[in-house]
Number of protein chains: 2
Amino acid sequence: MSDIRVLLVDDHPVVRAGLRAMLADFPGVTVVAEAEDGDAALLELGKLHTLGEPVDLVLMDLQMGAGMDGVTATQKIKAGEAGTPPPPVLILTTYDTDADILAAVEAGASGYMLKDAPPEQIRQAVLSAAAGQTALAPEVAARLMGRIRNPSPALSGREVQLLELLATGMSNRAMAKQLFISEATVKTHLVHIYSKLGVDNRTAAIAVATQRRIIRGR
Amino acid sequence: MSDIRVLLVDDHPVVRAGLRAMLADFPGVTVVAEAEDGDAALLELGKLHTLGEPVDLVLMDLQMGAGMDGVTATQKIKAGEAGTPPPPVLILTTYDTDADILAAVEAGASGYMLKDAPPEQIRQAVLSAAAGQTALAPEVAARLMGRIRNPSPALSGREVQLLELLATGMSNRAMAKQLFISEATVKTHLVHIYSKLGVDNRTAAIAVATQRRIIRGR
DNA sequence: CCGCTGATCATCCAAATGGTTGATTCAGGC
DNA sequence: GCCTGAATCAACCATTTGGATGATCAGCGG
């Protein structure tokens, strides 16, 4: 059986070098190309496709400096040229925000690993993902499990949405307009958010939500 | 002349592998040890010191998962065992927050590079730092220069301090207590902060300050 | 059909925050 | 010695937020 052909996508040369070195140590895995953002990744995919040298796995970071981010890139890859099935996408990133994970999974990623994972874990993930299976980092899996079993009062979708706007510094009025609801409703949502997060004002809510990775900082 | 002996400190195996691979390509540079956090780094330094195999340069990330962070590690290294001069510390990190940069420089770092820097830049920085010179990433240098020449109304130290507390979700009263000043003073500072950042409420101030890398998100 | 949850809105009141003005002190620079 | 900027505080008032209570409605599962 031939090697798993991998496309690396990361904007940090250092990280690409690390992955390249690491994957070189995994028997049965070959890095066939690299890209520094989503746009370049799509280009590479197309190029390799027309050359008849298909990619078996895309290993991609989520946030990439200037270019197209990982989520949209994943969507586009999955939407991709019909005809051949699109390659599985394994996300390898630094952040394990709830929002990020969900977005990546929804976009069609087959796995979500963290960069601080030990090589062996990464190896397993690469093999699983290339084989069409799902590969989640233990931390990520734990977070998702915890989210299901643990009644750490889950925020509703609307509430998370509110939080995100909140974090941009909008006033209640502004959020109300943006979401086409009344200020009263905004306040109700906020009160619920506060009680679920165990805080009593908006800045603390942002701090906690950021810390708990419900929304993302920066 | 013998090689520059480098100690790598980073909590991400992938990044360590990347740096190892990259430095291996630089003639005149040898990685003699690795550590995954500040504590381990200090241990390594001690060990190598007693072995009579001194380190010429510490290449370190700023934030490292569980262990001691880069700033305190830098301080300890610089305070280090008297007798031999402590090795220069080159910070190589992902974030270029004003606060981070200043903290690192104050702690005694001789350089501050970003992980997305091209290899050549990193090579230059390693050589400069090992030679006892200062090495700043262009982005970082630009930020510092801009901060000097550009009258993008600079926040005073006290104001940044306020902002940091603000971002943790504290109320005016709480901040006043914490800083041993009156609420009136807190409010005055906040008003100044708002006008300098061009916002009109605390959450927006946090959002802008985070965006402009005056304080750090997460 | 009933009960529950999430989303929506309203009203009322108390507390926190924001905006303005003005004043004092202190350290540094010219 | 004078000027400036940072830091400190006060008093006042308008606006925003937060907290409590109650109500309606749609959808989902038993």
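Each chain gets a letter, A, B and so on, in the order its sequence line appears, and its residues count up from 1.
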| said: Dot-bracket, 5' to 3', for DNA chain C please: Watson-Crick or G-U pairs under 3.5 Å, [ ] where pairs cross earlier ones, | where the partner sits on another strand, dots elsewhere. | reply: ||||||||||||||||||||||||||||||
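In this entry the distance linking CG of L162(A) with C1' of dT17(D) reads 14 Å, nearest Å. Between the C1' atom of dG6(C) and the NE2 atom of H189(A) lies a distance of 8 Å, rounded to the nearest Å. Atom P of nucleotide dA7(C) and atom CG of L179(A) are separated by 11 Å, given to the nearest angstrom. Summarising the geometry, the separation between CD on Q161(A) and C1' on dG6(C) is reported as 13 Å, rounded to the nearest angstrom. In this structure, I193(A) places its CD1 atom 13 Å from C1' of dG6(C), rounding to the nearest Å. Rounded to whole Å, the distance from CZ on F180(A) to P on dC9(C) is 12 Å. One can place CG of L190(B) at 15 Å from P of dA16(C), the figure rounded to the nearest angstrom. The CD-P distance, from E183(B) to dA16(C), rounds to 8 Å in whole Å.
The line from CD of E159(A) to CG of L166(A) is 12.0 Å long, rounded to the nearest 0.5 Å. Distance check: M113(A) CE to I91(A) CD1 gives 12.0 Å after rounding to the nearest 0.5 Å. For the atom pair CD1 of I206(A) and CD of Q211(A), the computed distance is 13.5 Å after rounding to the nearest 0.5 Å. Of the inter-residue distances, the one linking N201(B) atom CG with T203(B) atom OG1 reads 4.0 Å to the nearest 0.5 angstrom.
Distance from the side chain of K187(B) is smallest for dG18(C) among the nucleotides dG18(C), dG19(D), dT17(C). Nearest to the side chain of R202(B), among dT17(C), dG18(D), dA10(C), sits dT17(C). Taking the side chain of R173(A) as heavy atoms from C-beta on, and the options dG19(C), dC12(C), dT16(D), the nearest nucleotide is dT16(D). Here the side chain of R158(B) is nearest to one of dG19(C), dT8(D), dG19(D), namely dT8(D). When distances run from any side-chain atom of E159(A) to the nucleotides dT8(D), dG18(C), dA7(C), the shortest one goes to dA7(C). Nearest to the side-chain atoms of N172(B) among the listed nucleotides dA7(D), dC9(C), dT17(C) stands dT17(C).
L162(A) and L190(A) make their closest contact through CD1-CD2, 4.3 Å (heavy atoms, listed as atom of the first residue, atom of the second, distance). Here the closest heavy-atom approach between residue V160(B) and residue I214(B) is recorded as CG2-CG2, 4.3 Å.
For the OP1/OP2 pair of dG19(D) and a distance below 4.0 Å, the side-chain nitrogens and oxygens of Y194(A) include no atom meeting the criterion. For T185(B), a side-chain nitrogen or oxygen approaches OP1 or OP2 of dC9(D) to under 4.0 Å. Applying the 4.0 Å criterion to OP1 and OP2 of dG6(C), one finds that H192(A) has every side-chain N and O outside that range.
The residue S156(A) sits close only to the backbone: its heavy atoms come under 4.0 Å of sugar-phosphate atoms, none of a base.
For residues 123-135 of chain B, the set of pairs meeting the salt bridge (Lys or Arg N to Asp or Glu O under 4.0 Å) definition, not counting sequence neighbours, comprises E120(B)-R123(B).
Between D10(B) and L59(B), every side-chain heavy-atom pair lies at or beyond the 4.5 Å cut-off.
At distances below 3.5 Å, at least one donor-acceptor pair connects side-chain atoms of R5(B) with backbone N or O atoms of P54(B).
No donor-acceptor contact under 3.5 angstrom links the side chains of T185(A) and T188(A), judged on distance only.
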| What does nucleotides 21-30 of chain C look like as a protein-contact string, B for base, S for sugar-phosphate only, - for none, at under 4.0 angstrom between heavy atoms? | ----------
